[in-house]
K.L.:
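Structure in structure tokens, see below.
Since this is a predicted model, take the numbers as computed values, not measurements.
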Amino acid sequence: MRSNELEVLVNWGDTDKAGIVYYPNFFKWFDIAGHQFFRSCDLAPAKLEEQRGIIIPLLDVQCTFEKALLYDDLISIHTNVEEINRKTIKLKHKVYRDGERVAHGYEVRGWVQQSSDQIKAVIIPEDVKSILSENIHTKTDKNRPRFNA
């Protein structure tokens, strides 16, 4: 299945009073990594909405925290497709610092048709399943900023 790798620099504002990354930031990073994953396979969320009328809302998310992260840590988030179901896509995320896994989790996104008066989960088309099933690994360009908002 397709995968992507993204580097993020931990900002001072990502930490709590103890200087440790505040846990909701992992979910923010999963969201950033998920969107970057879809961009990496030419299924950018903005493009899906504009060209297909599809949005990919978050339906479920989970994270297991294994090691603390600190200000200025450079982390690598590895995202891959874990499951493609009829109307949902499950992405698995693994967070590494210096090659050591510090957290892991997943997000489930719906394949949702949006019209002017309703939203409705619809079957993921075969061309998208094919793209997501390819054995391709991409890495976000190191020349892009590593900072996050």
K.L.:
Do the side chain of Thr15 and the main chain of Trp12 share a donor and acceptor less than 3.5 angstrom apart?
P.N.:
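Pair found, side chain donor or acceptor close to backbone of Trp12.
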
K.L.:
Are Ile89 and Tyr106 co-members of a hydrophobic cluster defined by side-chain heavy atoms under 4.5 Å apart?
P.N.:
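Per the 4.5 Å side-chain linkage, Tyr106 and Ile89 are not co-clustered.
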
K.L.:
Which heavy-atom pair separates Ala68 from Ile20 by the least distance, and what is that distance?
P.N.:
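Nearest heavy atoms, Ala68 then Ile20: CB-CG2, 3.9 Å.
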
K.L.:
Quick check on the hydrophobic clustering: are Val10 and Val8 connected, directly or via other members, by side-chain heavy-atom contacts under 4.5 Å?
P.N.:
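Same cluster.
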
K.L.:
Is it the case that atom CG in Leu70 sees more than 12 heavy atoms from other parts of the structure closer than 6.0 Å?
P.N.:
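Yes, enclosed.
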
K.L.:
Considering only heavy atoms from C-beta outward, does the side chain of Trp111 approach that of Val122 to under 4.5 Å?
P.N.:
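They are in side-chain contact.
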
K.L.:
Less than 4.0 Å between a side-chain N and a carboxylate O, is that true for Lys67 and Asp73?
P.N.:
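Looking at Asp73 and Lys67, the cut-off is not met.
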
K.L.:
Assigning hydrophobic clusters by single linkage (Ile, Leu, Val, Met, Phe, Trp, Tyr; side-chain heavy-atom cutoff under 4.5 Å), is Phe27 placed with Leu59?
P.N.:
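The answer is no; the residues belong to distinct hydrophobic clusters.
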
K.L.:
Considering only heavy atoms from C-beta outward, does the side chain of Val112 approach that of Lys120 to under 4.5 Å?
P.N.:
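Side chain of Val112 against side chain of Lys120, heavy atoms only: no contact under 4.5 Å found.
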
K.L.:
Which pair of non-hydrogen atoms, one from Thr88 and one from Ile124, has the smallest distance, and what is that distance?
P.N.:
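The answer is O-CD1, 3.5 Å.
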
K.L.:
Counting C-beta onward and ignoring hydrogens, is there a side-chain heavy-atom pair between Val108 and Leu58 closer than 4.5 Å?
P.N.:
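SC-SC contact between Val108 and Leu58 ruled out.
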
K.L.:
Has the side chain of Asp16 got a donor or acceptor atom that lies under 3.5 Å from a matching backbone atom of Ala18?
P.N.:
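Such a contact is found between Asp16 side chain and Ala18 backbone.
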
K.L.:
What orientation do Tyr23 and Phe65 show, parallel under 30°, tilted 30 to 60°, or perpendicular over 60°?
P.N.:
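Correct class here is perpendicular.
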
K.L.:
Which value, rounded to the nearest 0.5 Å, describes the distance between Arg86 atom CZ and Ile123 atom CD1?
P.N.:
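Result: 4.0 Å between the selected atoms.
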
K.L.:
Could you check whether any side-chain heavy atom of Phe26 comes within less than 4.5 Å of a side-chain heavy atom of Leu69, counting everything from C-beta outward?
P.N.:
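Heavy-atom side-chain distance check passes, below 4.5 Å.
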
K.L.:
Quick one: CD on Gln114 to CD1 on Ile55, what's the gap to the nearest 0.5 Å?
P.N.:
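Result: 4.0 Å between the selected atoms.
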
K.L.:
Is it true that Ile32 and Leu91 fall in one hydrophobic cluster, defined by side-chain heavy atoms closer than 4.5 Å?
P.N.:
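No: no chain of side-chain contacts under 4.5 Å links Ile32 to Leu91.
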
K.L.:
Evaluate the salt bridge (Lys or Arg N to Asp or Glu O under 4.0 Å) criterion for residues Lys129 and Glu126: first the C-alpha distance (whole Å), next the side-chain angles of each, then the deciding distance (0.1 Å), finally the verdict.
P.N.:
CA-CA 5 Å; Lys129 287 181 181 181; Glu126 289 303 316; 3.7 Å; yes

K.L.:
Between the side chains of Lys47 and Asp42, is the shortest nitrogen-to-carboxylate-oxygen separation below 4.0 Å, so that they form an ion pair?
P.N.:
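Answer for the salt bridge query: yes.
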
K.L.:
Are Ile131 and Ile84 connected in the hydrophobic side-chain network, where two residues link if heavy atoms are under 4.5 Å apart?
P.N.:
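In one cluster: yes.
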
K.L.:
Would you say Cys41 and Leu132 make side-chain contact, with heavy atoms under 4.5 Å?
P.N.:
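Yes; the side chains approach each other to less than 4.5 Å.
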
K.L.:
Checking side chain to side chain donor-acceptor pair (under 3.5 Å) between Ser76 and each of Arg101, Glu5, Glu7, which is the one that passes?
P.N.:
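Passing option: Glu5.
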
K.L.:
If you compare all heavy atoms of Ile56 against all heavy atoms of Arg109, which two are closest, and at what distance to 0.1 Å?
P.N.:
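Scanning both residues completely, I find the closest heavy atoms to be O-NH1, 2.8 Å.
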
K.L.:
For Asp14 versus Leu9, what's the shortest heavy-atom pair and its separation?
P.N.:
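In terms of heavy atoms, the two residues are closest at OD2-O, 4.3 Å.
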
K.L.:
Looking at OG of Ser3 and CG of Asn135, how far apart are the two atoms once the value is rounded to the nearest 0.5 Å?
P.N.:
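Between Ser3 OG and Asn135 CG, I get 7.5 Å after rounding to 0.5 Å.
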
K.L.:
What's the separation between atom NE2 in His137 and atom NE2 in His78, rounded to the nearest 0.5 Å?
P.N.:
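Going from NE2 on His137 over to NE2 on His78, the span is 6.5 Å.
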
K.L.:
Arg39 versus Asn4: any side-chain heavy-atom pair under 4.5 Å?
P.N.:
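Sidechains of Asn4 and Arg39: no contact.
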
K.L.:
Side-chain contact test, heavy atoms from C-beta onward, threshold under 4.5 Å: evaluate it for Phe30 versus Thr79 and give yes or no.
P.N.:
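SC-SC contact between Phe30 and Thr79 ruled out.
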
K.L.:
Looking at every non-hydrogen atom in both residues, tell me the closest pair between Phe37 and Arg2 and how far apart they are.
P.N.:
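Closest approach of Phe37 to Arg2: CE1-O, 3.7 Å.
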
K.L.:
Taking the side chain as everything from C-beta on, heavy atoms only, tell me whether Asn11 gets closer than 4.5 Å to Asn25.
P.N.:
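In short, these two side chains do not touch, never coming nearer than 4.5 Å.
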
K.L.:
Of all the heavy-atom pairs spanning His35 and Pro45, show the shortest one and how long it is.
P.N.:
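Heavy atoms of His35 and Pro45 come nearest at ND1-CG, 3.2 Å.
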
K.L.:
Are the side chain of Gln113 and the backbone of Arg52 linked by a donor-acceptor contact shorter than 3.5 Å?
P.N.:
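Yes, the answer is positive, given that a donor and an acceptor are paired below the 3.5 Å cut-off.
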
K.L.:
Do you see a donor-acceptor pair shorter than 3.5 Å between the side chains of Thr64 and Gln62?
P.N.:
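There is such a pair (donor and acceptor under 3.5 Å, judged by atom type) between the side chains of Thr64 and Gln62.
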
